[in-house]
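Note that this is a predicted model, so its numbers are computed, not measured. Atoms within each ligand, like the ligands themselves, are counted from 1 in listed order. Just so it is clear, the values below take in all heavy atoms, side chains as well, and ignore hydrogens, waters and symmetry mates.
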Amino acid sequence: MVAMRKRTRGENTRAVQLPEPPVPAQRPSAPPVYRTSSFAFASAAEHADLVHEGGGYLYGRVDNPTCDAFADAVAALEGVAVEGVRAQAFASGMAAVSAVLLAFTRSGSHVVAPRALYGGVYEVLAGLMSRFGVTADFVDFTDPARVRAALRPTTRLVWAEALSTPAMEVADLPALAAVAHGGGALFAVDSTVATPVLCRPLEYGADLVVHSATKYLGGHGDAVGGVVAGRADLVGELRRVRVATGAVLGPDDAFLLRRGLETLPLRVRRQCDTASQFAAALARHPAVAAVDYPGLPEHPGHTLARRLFDRGPEGTRFGALVTVTPHGGREAGIALCDALRLARPATSFGGTRTTVAHLGTTALTGRDDALLAGGGVAPAAVRFSIGLEDAEDLIRDAAEALDTLPVVDHSGSATAGAGRLSEEAVSG
Ligand SMILES: Cc1ncc(COP(=O)(O)O)c(C=O)c1O
């Protein structure tokens with residue numbers, strides 16, 4: 001019998017027209033990464049239907065199942081006690097922030113935001129949105145009456161940070177929600193530093209909650225992303241802006257960010273507990289002029305944080321960022337960063353490894369000492385993002401670094417020699 005020869009296609013055709021991968025009937029226990037820029041259809045009519053009717057996956061800039069899996073997970077975490085919460089994922093925290101501003105302001109709109117505002121948001125509001133006729137006032141958010149006084153008939157949005165960095169202000173979310181809604185404005189809360197482990201702003205009346213997922217949600221310093229959760233109609237508007245502007249999260253980052261969520265409570269609780277110990281220990285070091293941490297009873301936001309932040313069986317938690325200001329000027333802060341051996345200088349925060357930033361020359365660069373002071377930040381201030389290392393090691397590292405700083409007496413003159421109090425700080 002003569003074997004029938006199969007009609008073969010060319011080598012290149014065979015290389016790209018590979019057999020279709022199986023679509024399993026069983027659900028994968030971890031979400032697959034849909035690393036595809038588009039989805040294929042069985043017919044032109046099926047393709048056209050989806051373009052016109054929606055209800056499926058079409059194109060990577062529009063929707064991707066891995067990104068949706070991440071957004072849905074955030075909606076579940078932020079919407080524990082609020083019905084109908086939806087979320088949209090974005091390419092970065094700033095893409096998420098910008099989408100909110102683009103979706104809910106128009107030429108002539110006014111926005112009220114905190115004086116102690118994350119610099120990236122300030123830049124978009126004051127630097128970019130102003131070009132399109134959107135004005136903003138930056139006021140003291142520790143006093144809701146001042147926020148009310150800043151409202152205008154054109155105010156469309158009140159923007160707050162649940163727990164701010166680097167000023168570490170705690171926002172009175174229920175009072176601010178009432179002020180915003182009383183003025184006919186939406187209330188959006190950046191909860192990047194607080195995370196849903198400390199509080200869920202939608203439960204306090206916020207219309208939208210925004211995260212830089214790059215920080216605690218992802219939590220491992222290996223992915224960049226942003227997300228906004230809130231009412232379905234508002235989130236629908238955000239999707240429209242995302243699709244139009246193309247601020248889409250990549251599926252690999254979406255996978256990492258979603259995986260990060262699985263350990264969010266474990267990580268954040270432990271980071272907060274370590275931060276509490278760290279703040280209390282360093283506040284006693286003689287080279288330290290101030291420690292800003294809402295967990296310290298003398299912090300201006302302490303009582304409010306106790307009222308608003310979740311009270312677990314072990315008590316309230318206050319976040320994992322601690323701002324330490326050594327005696328002396330900018331040089332003292334820089335010297336502290338350089339003397340640390342465990343905590344490394346880095347942009348960003350919220351990862352598993354402890355990082356530091358001398359604020360005056362990094363996050364708040366370009367502001368002179370007077371401007372820094374106006375924002376509640378001293379020239380020497382160093383922000384510690386507490387990671388998952390053992391608390392004793394972090395305290396020892398910081399105390400030993402502080403020991404190397406010149407001792408400043410009250411006349412302001414520096415003498416060489418260290419406090420050498422690291423042992424006491426560690427045991428304290
Ligand atoms: C409070 C806050 N909001 C938003 C952002 C912007 O996030 P991303 O860097 O992911 O764009 C940051 C970044 O540091 C932040 O600290």
Side-chain angles (χ1 to χ4, degrees), residues 67 70-71 74 78 87-102 111 113-129 138 141 157 159-171 173 188-196 198-199 201 206 208-229 238 242 245-250 252-254 256-257 260-261 268 271 292 294 301 319-323 345-351 355-359 362-365 375-377 381 383-386:
C67 298
F70 166 62
V74 174
E78 290 290 359
Q88 276 290 307
F90 290 87
S92 67
M94 284 317 302
V97 171
S98 305
V100 172
L101 296 173
L102 285 173
V111 177
R115 197 187 49 187
L117 178 66
Y118 169 61
V121 181
Y122 179 84
E123 167 59 14
V124 176
L125 263 174
L128 297 181
M129 297 302 288
F138 302 95
F141 264 52
L157 186 68
W159 181 275
E161 291 182 14
L163 177 58
S164 78
T165 172
M168 308 303 296
E169 286 179 6
V170 180
L173 298 176
V189 177
D190 183 335
S191 198
T192 299
V193 179
T195 82
L198 265 56
C199 74
L208 294 165
V209 56
V210 184
H211 288 277
S212 164
T214 316
K215 310 298 186 307
Y216 294 101
L217 301 191
H220 293 71
D222 53 11
V224 172
V227 63
V228 188
L238 293 171
R242 177 180 60 68
T245 57
V248 61
L249 178 64
D252 288 291
D253 280 350
L256 291 171
L257 296 173
L261 292 178
V268 170
Q271 285 167 291
D292 278 315
L321 298 182
V322 182
T323 303
T347 292
S348 200
F349 56 83
T355 57
V356 286
H358 172 249
L359 295 166
T362 60
L364 303 179
T365 193
V377 175
R383 180 182 63 204
F384 283 75
S385 165
I386 299 296

When you compare ligand 1 with Val193, is there at least one nitrogen or oxygen pair between them that comes in under 3.5 angstrom?
no
Side-chain donor/acceptor of Gln88 to backbone N/O of Val228, under 3.5 Å
no
Output, in order, the C-alpha distance, side-chain angles, deciding distance and verdict of side-chain contact (heavy atoms from CB on, under 4.5 Å) for Leu321 and Leu163.
CA-CA 10 Å; Leu321 298 182; Leu163 177 58; over 6 Å; no
Just to check, does Lys215 reach to within less than 4.0 Å of ligand 1 when the distance is taken from its heavy atoms?
yes
Can you pull out the closest protein heavy atom to atom 3 (N) of ligand 1? Residue, atom name and distance to 0.1 Å, please.
Asp190 OD2, 2.6 Å
Is a side-chain donor or acceptor of Thr192 paired with a backbone partner of Ser212 at a separation under 3.5 angstrom?
yes
Numbered atoms and elements of ligand 1 in range of Phe349, under 4.0 angstrom, heavy atoms:
16 (O)
Between Ser92 (side chain) and Val224 (backbone), is there a donor-acceptor pair under 3.5 Å?
no
Minimal heavy-atom distance between Ser385 and Gly351, with the atoms involved, is OG-N, 4.4 Å
Minimum-distance protein heavy atom relative to atom 5 (C) of ligand 1:
Tyr118 CE2, 3.3 Å
Check whether His220 reaches the backbone of Gly218 with its side chain - one donor and one acceptor, N or O, closer than 3.5 Å.
yes
For atom 11 (O) of ligand 1, find the nearest protein heavy atom and state the residue, atom name and distance (0.1 Å precision).
Met94 N, 2.8 Å
Can you find an N/O atom of Val121 closer than 3.5 Å to an N/O atom of ligand 1?
no
